[in-house]
Each structure stands twice: as structure tokens, then as C-alpha cells.
Number of protein chains: 2
Amino acid sequence: MATADSIWLRPERAARGPAPGYDRDTLAAAGVTLADAHGLAAVTMRAVADALGAGPASLYRYIATREELVELMVDRAHSEIRHPEPGGDWLEDLLGLAHESRRVTLAHPWLLDATATRTPLGPNTVAYLEGALGALSGLEVPYRAKLEAIAVLSAVVTALTRTEITQARAGRTLPQWQQARAAYLTHVATSGQHPHLAAAFAAQNADDDEPVEHLFDRIVTGVLTGLLHSDAV
Amino acid sequence: MATADSIWLRPERAARGPAPGYDRDTLAAAGVTLADAHGLAAVTMRAVADALGAGPASLYRYIATREELVELMVDRAHSEIRHPEPGGDWLEDLLGLAHESRRVTLAHPWLLDATATRTPLGPNTVAYLEGALGALSGLEVPYRAKLEAIAVLSAVVTALTRTEITQARAGRTLPQWQQARAAYLTHVATSGQHPHLAAAFAAQNADDDEPVEHLFDRIVTGVLTGLLHSDAV
DNA sequence: CTTCAACTGCGATCGATGTTCGCAGTTCTG
DNA sequence: CAGAACTGCGAACATCGATCGCAGTTGAAG
């Protein structure tokens, strides 16, 4: 049954027939729980079915493919993004939205993997987009620039959150491959070539006391003001 | 044989024993050819072995895992990045490097998938980093800000190139899922809710004549100047 | 030159995964 | 009440990454 439609346009329940035992959101919730605990790779069809007490093939009555399950999971996670009412200052509003995005991503690190390649676009993601556009509604700037700014903002927030998660994970478990990478990096830094990198590497471990939120604010603000050349501070 | 070392620190040839029939770069080249033609998913161990005329299990004499093969491929692709000599203006130099990054990514679109989650760090990627730091060497700015700027730049270039590739692909083949997404988007835009999104959607299809390179320059310049608050231009 | 440990290529195979097929049971509709 | 439509799902298939063990080959030590 090749359903070419998007899952968001496909009706959840069939018109006729017995009532389904589960629903999409239940599948998504089970997938989110699994991914939160053991990463996105642990979200296999069989694992989700087991968590639900269902047979491995039952899930295909609700979703057409695993990709769609991930899409449901992403949108469910995005539903946790709070949308505060706009306060008039577009920079502050957008910064608040960026903080929400970061918070949810820290709570569900697998979002980085799920949204790295594809760009799921469910109702809650759409609501996020609408919110961001609403924050910029007072700005006298072409729509294209606003969409660009939002896309760049999203990319930057993702990148920042990714390094934050990576560093936090390295601090706890130091999981082999990170160790191997550090070894290679010090090898590169002390090799004599790459002088700039060596200097940066040495300077990096010196003063690291800036709070993460402050760094986050500084970078996001810089990027946004650079893109929308604001006159406000 | 659990080799915990990075592949870049592991010796390519063994000290004793017969000469290997292939080498790492040959594997990487075969993988790149396959990925260029049919995407990263087509780079399976068996496919690479077939392309080389080798048995499916032979590759594991050169790499420990498929991840390492992808790492080799990424670094080989990054070797195509040209490093022009610095011209004194850091913004121009960094912009040139960004263009090189975009060019190589357009030539090897699978780089987006390969670098989406992981961040391979081979010799050529390190050389790129060194070049970017070198371009900023004249700036009176803490090293941390330079590293941040480079990371953000990389994220932005990736995002821009991804949308560019996606749109180009949609223009040619319009591959089903894009069609489904467009259907959902128009459904959202015409639903009455999401007024800002509807307005943006309507305005987007109006005037689209800005050349891609110009848009690229504009955004990258905006982001960089916003981050490093340049006084130039 | 001999010897042998070390390495190479690789066929066979394992476990896991996403997905399909067909069937029995269930439920809503006309 | 009868049949159509749908559900749950056991079994199976193709494909994937990875492992194991063996025969053949090489290079260095004595």
C-alpha cells in the first residue's frame, strides 16, 4: 500500500472497520521514551512494538514506514516548546524561542540525529515557525530575509546545542571515540604544523568560566543582529 | 580486534606480512564514486568490495567499521577544498573558504548526510580549520570567539547548501515526498490559522531573482560581521 | 637459505533490521 | 443479520554490518 501522501494529511482513523487498539501519538510516545533512554538507534520497529505489547508488524497499521515514526516523534517533542506571548522586542522574543528550542533539544538529544538530515514539518513544527515569524512581524524587512534569519537561527541553535551535548557527555563517560579524537587532536596540535590550531588549542583550555547561557545569548544575538542589521542594542 | 585508536593514528600498513592489495585511499575513492552516483546509503560494504573486485570481508583489513570508511570518504572529499593564500581582509578570506566549502559540498551532496551527525576530523578537515584560523590571525579577538565564529560559519554554510541542493533536486525530479510536503504546506497556508506563515508563503513565490551566490555572500557576511563586530565595510 | 610467525584475502555465516504477505478474528455499516 | 472493511500479527524475506576460521603468501630472524 504505497501511500504517497504526507502522514499529516492522511486520516488517522479509517472510515469503517473496528477501532484500532493504539493511535499515532501512543506510538510516538513509546518511541520518544525509547530514544530518550537509549538513543534514536534503539527505536526499532520491534522495540516500539514490544514497548506497546504489540506484534512487530502491527505498527504498519498506523505508519507507513519508520521514517514516519521518527517524524511523529519529532513533532511530539516539538510540542514541548512553549510559546510565550510576544513582548514587542523581536530580538528578545526570538532569543526566547531559541532558548526553548535549546531546552527541548537538551531534554531529547536524539532530536539532533532526527533533524540532521530530514526536516520534519508537523503541526507543532509549523507552530514554531509561525511563532518565529510572528516575533518578526513588526520588522520592516522582506519576508525572504525573515525566513533566512529563522533558518540560520535554527542551524546555529542546533550547532551550539550539539557541542554542548557532546561536551557534557564527554565529561561524564568519556566514551572511547572521544578519547581517540582527543588523542589525535593533541597529536595534530603538537606536530609543529598547524600553528594557529595549536595556539587556539592551548588558549581554549585556559579560561572557560563563561556560563553556557550567556555564550548562547551572545552568539545568537550576534548572528541575528548581523543578519537583520538591527539598530537596537 | 577492537582497535580503540583513531584511524588517523593507526598505521596504514602492518609492520610485517605480505603487501596489501589495496589501501585506504582506494577504498575511500570507491566509496566516494558510489556515493556521488547513488547517495551515501549506496555505500555498503558489499558494494564497495564489488567495485574493487574484492570479497565482502576484505575491507575489514583496512578499516575497522563502516563509520571509518565514511570518515575516510569525508576527508578525501575535503581534500578538494582549495586554500587560496590570505589576502589580508579576513572577511574576504573566510568568505572565500566558505565558497570552497559550498562548492565541494555541491559536488558531493552526500557530505551533508555524512557530516550531519558526526564531525569527522581527518588531516584535510584539520587543514581547513587551520586555514580558517589563519584567516582570522590578524583579528584582535579571543581565540574562543574565533572558534565559535568558525563553527557557526560551518553550520550556516551547511544549512544554506542543504536548502540549495534540496531545491535543485525538487526542480528536476520532484520526488514524491517533496510533493507531499508541498501539499501539506499549502494546506497549512490556506487553513486560515498561521497568518504570518501564509503571508510569507505567498510572498516567497513572488520575487526570486537574486542569484544564489549573492544570497550566500549576503548571509555569510551578515553572520560573520554580527559575530565578530567588524568595523570594515 | 631455511623457518615460521604474521599478515592477507575471503567464503560462509550470524544476528539484527525494515518491510511484506496472508490469514483469522473483530467490528461497523447497510 | 450478512458481508465488507479493517485489525492484530506470526512467519518470512532481503539486506545490512560484522565475525570467524582457514588456506595461501610474505618478510624478517637465525
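When reading the values below, keep in mind they use all heavy atoms of this one structure, side chains included, and skip hydrogens, waters and symmetry mates. Residue numbering restarts at 1 for every chain, and letters A, B, ... go by the order of the sequence lines.
The side chain of P56(B) lies closest to dG11(C), out of dG9(C), dC21(C), dG11(C). Ranking dT13(C), dT19(C), dG8(D) by closeness to the R46(A) side chain, first place goes to dT19(C). Considering only side-chain atoms of T65(B), the nucleotide from dG8(D), dC10(C), dA18(D) that sits closest is dA18(D). Distance from the side chain of Y62(A) is smallest to dT7(D) among dA12(C), dA18(D), dT7(D).
Taking atom CG of L59(B) as the reference point, atom C1' of dC10(C) lies 11 Å away to the nearest angstrom. We find that CG of L52(B) is positioned 10 Å from P of dC10(C), with the value rounded to whole Å. Rounded to whole Å, atom P of dG8(D) lies 16 Å from atom CG of D50(A). Atom pair M45(B):CE and dA18(D):P shows a separation of 6 Å (rounding to whole Å applied). Between Y22(A) atom OH and dT7(D) atom C1' there is a gap of 11 Å when expressed in whole angstrom units. In this structure, Y60(B) places its OH atom 6 Å from P of dG17(D), rounding to the nearest Å. For R61(A) and dC6(D), the CZ to C1' distance is 7 Å, given to the nearest whole Å. Straight-line distance from the CG atom of L69(B) to the P atom of dG17(D): 10 Å, rounded to whole Å.
A donor and an acceptor atom, one from each side chain of H108(B) and E80(B), are located under 3.5 Å apart. Between T33(B) and D36(B), the side chains place no donor N or O within less than 3.5 Å of an acceptor N or O (distance only, hydrogens not considered).
Across all strands shown, A49(B) has no heavy atoms under 4.0 Å from either base or sugar-phosphate atoms.
Not a single donor-acceptor pair, N or O on each side, falls under 3.5 Å between the base of dG18(C) and the side chain of R66(A).
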query = So what is the 5' to 3' dot-bracket string for DNA chain C, if pairs are Watson-Crick or G-U wobble with both distances under 3.5 Å, crossing pairs use [ ] and | means the partner sits on another strand?
reply = ||||||||||||||||||||||||||||||
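Across P120(B) and E71(B), no two heavy atoms sit closer than the pair CB-CG, 3.7 Å. Closest of all the heavy-atom pairs between A49(A) and G55(A) is CB-O, 3.4 Å.
Side-chain atoms of L227(B) and V223(A), non-hydrogen and from C-beta on, do get closer than 4.5 Å to each other.
Under the 3.5 Å distance criterion, the side-chain polar atoms of S58(B) are left unmatched by any main-chain donor or acceptor of A54(B).
Comparing G21(A) and T44(B) along DNA chain D, the residue whose closest nucleotide (by nearest heavy atom) sits nearer the 5' end is G21(A).
A salt bridge between R102(A) and E164(A) is present, with a side-chain N of the basic residue lying under 4.0 Å from a carboxylate O of the acidic one.
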